[in-house]
Amino acid sequence: MPDDATFQALLDALFGNSPYLTETALQNPDFLTDLWRGGPDAALVMLERDLASVRADAGSGAAPDAVAARLRRLKRSVALTVAVADIADAWPLDRVTGTLSRFAGTCLDAITDAILLQLERDGQLALGGDPQAAGFTVLGMGKLGAGELNYSSDIDLILLYDREAPALAGNEQIPRHFVRASRLLVQLMSEASVDGYIFRTDLRLRPDPGSTPLAMSAQAAELYYESVGQNWERAAMIKAHPVAGNLAVGAEFLAALRPYIWRRHLDFAAIHDIHSIKRQIDAHRGGGTVKVAGHNVKLGRGGIREVEFFAQTQQLIFGGRNPALRLRGTCETLRALAAAGHVEPRAADELIVAYGFLRRVEHRLQMVDDRQTHSLPEDEAGLAAIATFLGYPDRPSFEAEMLATLRCVEGHYARLFEEAPSLAGPGGNLVFTGTDDDPGTLETLRALGFKDASAAAGIVRRWHHGRFRSTTSARARELLTELMPALLKALGETASPDQALLNFDQFLGNLPAGVQLFSLFKSNPALLELVATIMGSAPGLAAQLARRTVLLDSVLSPAFYDRLPPAADMTADLTRTLAQVDDEQDILDAARRWTNDRRFQVGVQQLKRIVRPAEAGLAYSDVAQATISALCDRVEKRFAQAHGMFRGQRFAVLGLGKLGSREMSATSDLDLIFVYDIPPDLNASDGPQPLGPIQYYTRLSAKIVTALTALTNEGALYEVDMRLRPSGRAGPLANSLDGFESYHAQSAWTWEHMALTRARVIHGPQELVERLRGIILGTLCRPRDPEALLRDVADMRDRIARHAPPKSPWDFKHLPGGLFDIDFVAQYLALRHAAARPDILDPHPAEVLRRAADAGLLDSTDAERLCAARLLMSDVQSLLRLTLNGDEASFDETKAPEGQQRLIAQTQDVPDLAALRARIEAEAKSARAIYERIVETPARAAGWTSRSGT
C-alpha cells in the first residue's frame, strides 16, 4: 500500500485529471476502499475470481444479457484497477496491456458460450450442452491478438466456424445462425448501459468485409487469404490469436495459413508492396515534420504505428526463413530482430523505450474521458493538463521529451525504408491498407481535389480486395499500388475528380485482367493521364471506355488521332462490317460498336484539342450519316426478305437540325424525316407477305427508328426526333414524296419552312435524292409576303421565349441573343430572299449569314458579329455537352468542379469562367440587338404584337 504522500498524489492524479475515473470511483466506493487498502494486485485477484464465476455461469447456460450485464460492471472495476496500477507505476506496460487483453478475451469467451447455448435452447444448434462442439472461434486481431490492448481500445475480431464440425452436419442454416450469433456478440460487447460497456467491437478486419458475412467458415476464409489475400492482411495476421470460443479451431486455421503469412521467398515486387503498407507515407529523416500540439501519437509521424510497422514489415520479409521472428508482441519482436541481426541493438532498445513512452501517453489521453482517442490537445492548457497527468512538472518538459521521442522513431523508420521506392502521394500520405481511413491520406485526397475523401479512400481499398477480375492477382495489386500516386493525381486534375474515380472503378470492374494494362500504364504515363481525363471530364466517353475496354488498344495507334474519313467512306466501312452478320441482334450490336468507337475517337480528339468543336461537329455528323445510311440499307434488305420491294430502292432519309447543318455534338439526337416514292401503278410489295405502300413504309420506318434507338448490351446509338415531319406527331411516320411536296406547298407553317432551311438528304437512291432536293429548294425559294414572314418569325421566337425561357446563362439556345435569335435571323433572310437569290441557301446558318452579307442582303459587320457569337456559343455548348454528357442548360458554374471550369475556360483561351461568361454576355447582347433590328422591330411595324408583353 502506498504511503500517505504517494496516496495523496495518486488521488490528485485520479480526481484531478480524469472525469471518467472520478465517476467510476464514486460509483463504487467500497471497491475503491479495497483497492486503496490492498493495492491493484490484490484487487485484480478478487476481480479474476469474480470473472471466473461469470465465465462458469455462462458455460452453465446463463442468459447472454445477464452475462453481459455482470461483465459491464466488472469492466469498470478492472478499468479503475488498471488505471491506478498504471498511474502509480506499479505495473510495467506489458502487465497493463496484458491484463486488459486477458480480460477482453475472457469476456468474449463468456458471452460466446452464453450465445451458443442460447442458440441451442432456441433449437438452432445441437451441441449437447457443450459450446465447444459448435466449432466457433474468435480470433483476436491487432492489439488484442498481441496482448497489447490500450486503455480504451476497440477490439478487432475475426469470427470463424468449422463447417466440418460434427455438431453442424446436416444443418443447412448454419451460416445464418452464426451471423445471428456474431451480431449478438458485437451488440452485447459494444452497447452501453448505465453500467457502461464492455469493449467496442470491430469486425472489419475479416476477409473482404464489404461483401462477406460477419461470420464465415474457416475453410472459406483460408481460400480467400490464399487466393486474394493482401500483404497488409498478412501483416495483420501476424498478431492474430484465438481468444475465445473453440481455441483449437482457431489454432488450426492459423496453422493452415502459416505458408501464406510466412513466405520463404519474396520477389522484388512483393517487398515493394510490403513497404507500401506504411511506406506510402513520405517518410524523411529529420524532425521538421513532427509536432506536439494536436499530434496523433498512434498514426502521426514518429508514432506508435511506425514502431509497429517497423517490426511487422521486417517480420514479413525475414520471418518466412526464420521462425524465431514469428512473434505477436511489438517489443519482443524488436528484440528478436536485433538478435537475428536485422536491427541494430541500439535501435531496438530506443524503439522499445519510445514505444513504452508513447503507449503511456496514449493511455493518459484515453483515461480522461474513456474515449478511443490518440491525439494530443491542440491548446496549451490541454497539453499542460496531460503533462500534469503524466507527472511532469510543467508543459515544456513534457513537450521536450515528446518531440525527442517522435524524432527518434521517425528517424529509425525513415532509415529502414530509405532504399524503398517512394509511394507517397503528391504532398502527403496515400495509405489504403487496413479498414480505417488514414487521416493524412484523407487530407492528401482533399488536396488532390476529391470532395468526398473518405468515399474515395474506400473505393481504392476495395480494389485491393480482389473483387474485380483485374485485381485478382497479387501482381496486379502490386502494380496498382505503384500506380496509385500518379493515378490519383491524374484523376484529381480532371473536371470532376470524385466522378472520375467512380468511372475508373467501373472501368476496372469490366477489365478481364489487370496486369497487362497496369504495366502499360506504368510504362506509358501519357496513356494513364488520357484515361484519367476521360474518366473525369467526359462522362459519355468514360461510359464507353468502361463498357469497351478494348478501345484502349485503338488509342495506342497513331491513326487514332487522324481526322475521320468522309461520310461515304465510313458508310462503306460500316456496310462491310454489317454484311458479316445475319442475326438482327448481331446487326444492332455491330452497328453500336462501330458507331460508338468512332464517336469515342472524335470525343477524345476534341478533349485533347486536336480538333475544334466545329470540326468535331462535322465528324459527329458524318458518323451519324454513315450509321443511318448503312443501317437503313441493312434493315431494308431484311425487311424485303419477308415483304418484298417496289421495284428497287424508293426510300430516302432527310436530316434536319444539327444533323442537317453538320453541327452535332457528343449527345445530339437525330431530327429525321422519312420519304418514299411509289409509282401509282404499284399497290403492294412483291414479297411473300405483301404490304401496301403506306403500311410498308410505316413499318419499315418504325424498324429503322428501333435500329437507331434500341438499347442493347453494346449500349445505345441515338435518340430520334421526328416531330419535324409533315403534321408532326399527328402525321404518318413516313411520307410519300407527293405528300411531302403537297404539304409544304399548301399546309406547312412558316416555322416548318424555317426548319427546312437546315435540311440535308443523307440517304436514298440518287434519283429520289435529287427529286427531294428539288422539292426542298422549290419550297424555300417560293416568293413570300415580307411582312407576313416577319410576323411569323417574330411570333415563333416569342412563343419559344414564353414557353422555354433560358434556364441559366449557359442555356445558349434560349438565351436572348443566343442561338435561336441568330439562327432565326439566318432563316428569315433565307426565306425572305431565296426567291431572288437562291445562292444564299445552305444548311449551316452561319454560311447563310455570310452569303447574305456577300449578296448585300445583310450588313457585313452584322454578319461577322452574328457568326462570331454563334461560333463562341456553339463551341462552348459542344464542350459542355461532352463534359456534362447532357444539356448545357443544366450547367451550374458555382458547383462545377475546378477542373471542369479550367477545361472550358482554356478551350476559349480565357483565364476563367467569369471572363468567359462576360464575353458570352457581350456577344449575346450584340446579337440580340441585331435580331431586334432585323426581325423584331420591323415585325412590330408590320402589325405584330408580342404576347409576352416585351
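One side chain, Glu148 or Thr330, offers a donor N or O that lies under 3.5 Å from an acceptor on the other.
Annotation: side-chain contact (heavy atoms from CB on, under 4.5 Å) contacts of Ser77 (sequence neighbours excluded): Asn28, Phe31, Leu47. In terms of the salt bridge (charged side-chain N to carboxylate O under 4.0 Å, His left out) criterion, residue partners of Asp208 (sequence neighbours excluded) are, by chain and number, Arg467. Annotation: side-chain contact (heavy atoms from CB on, under 4.5 Å) contacts of Pro259 (sequence neighbours excluded): none. Scanning for side-chain contact (heavy atoms from CB on, under 4.5 Å) contacts around Pro19 gives Val368, Asp369, with sequence neighbours left out. Legend: residues meeting salt bridge (charged side-chain N to carboxylate O under 4.0 Å, His left out) with Arg176, ordered by chain and number and at least two apart, are absent.
Annotation: ring pair (Phe, Tyr, Trp, His ring centres under 6.0 Å) contacts involving residues 132-156, sequence neighbours excluded, comprise Phe136-Phe178. Each salt bridge (Lys or Arg N to Asp or Glu O under 4.0 Å) pair with one or both residues in residues 86-95, not counting sequence neighbours, appears once here: Asp41-Arg95, Asp86-Arg364. The list of salt bridge (Lys or Arg N to Asp or Glu O under 4.0 Å) pairs with a residue in residues 121-137, not counting sequence neighbours, reads Asp122-Arg180. Every pair passing salt bridge (Lys or Arg N to Asp or Glu O under 4.0 Å) that includes a residue from residues 183-192 is listed here, sequence neighbours excluded: Arg72-Glu191.
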Show me the side-chain donor-acceptor pairs of residues 55-70 shorter than 3.5 Å, one per line, residues at least two apart or across chains.
| residue | atom | partner | partner atom | Å |
| --- | --- | --- | --- | --- |
| Arg55 | NE | Asp109 | OD2 | 2.9 |
| Arg55 | NH1 | Asp113 | OD2 | 2.8 |
| Arg55 | NH2 | Asp109 | OD2 | 3.0 |
| Arg55 | NH2 | Asp113 | OD2 | 2.7 |
| Asp57 | OD2 | Arg70 | NH1 | 2.6 |
| Ser60 | OG | Ala56 | O | 3.0 |
| Arg70 | NH2 | Ser53 | OG | 3.4 |

Using a 3.5 Å cut-off and no angle test, enumerate the donor-acceptor pairs between side-chain atoms of residues 237-249 and protein atoms at least two apart in sequence or in another chain.
| residue | atom | partner | partner atom | Å |
| --- | --- | --- | --- | --- |
| Asn246 | OD1 | Ala248 | N | 3.1 |
| Asn246 | OD1 | Val249 | N | 3.1 |
| Asn246 | ND2 | Gln132 | O | 2.8 |

Please list, one pair per line, the donor and acceptor atoms closer than 3.5 Å that link side chains of residues 452-459 to other protein atoms, with sequence neighbours excluded.
| residue | atom | partner | partner atom | Å |
| --- | --- | --- | --- | --- |
| Asp452 | OD1 | Ala455 | N | 3.1 |
| Ser454 | OG | Asp437 | OD2 | 2.6 |

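Two residues are said to be in side-chain contact when any heavy atoms from C-beta on lie closer than 4.5 Å; Leu511 and Arg469 fail this criterion.
Lys75 forms no cation-pi arrangement with Phe103, by the criterion of a distance under 6.0 Å to the ring centre and an angle within 45° of the ring axis.
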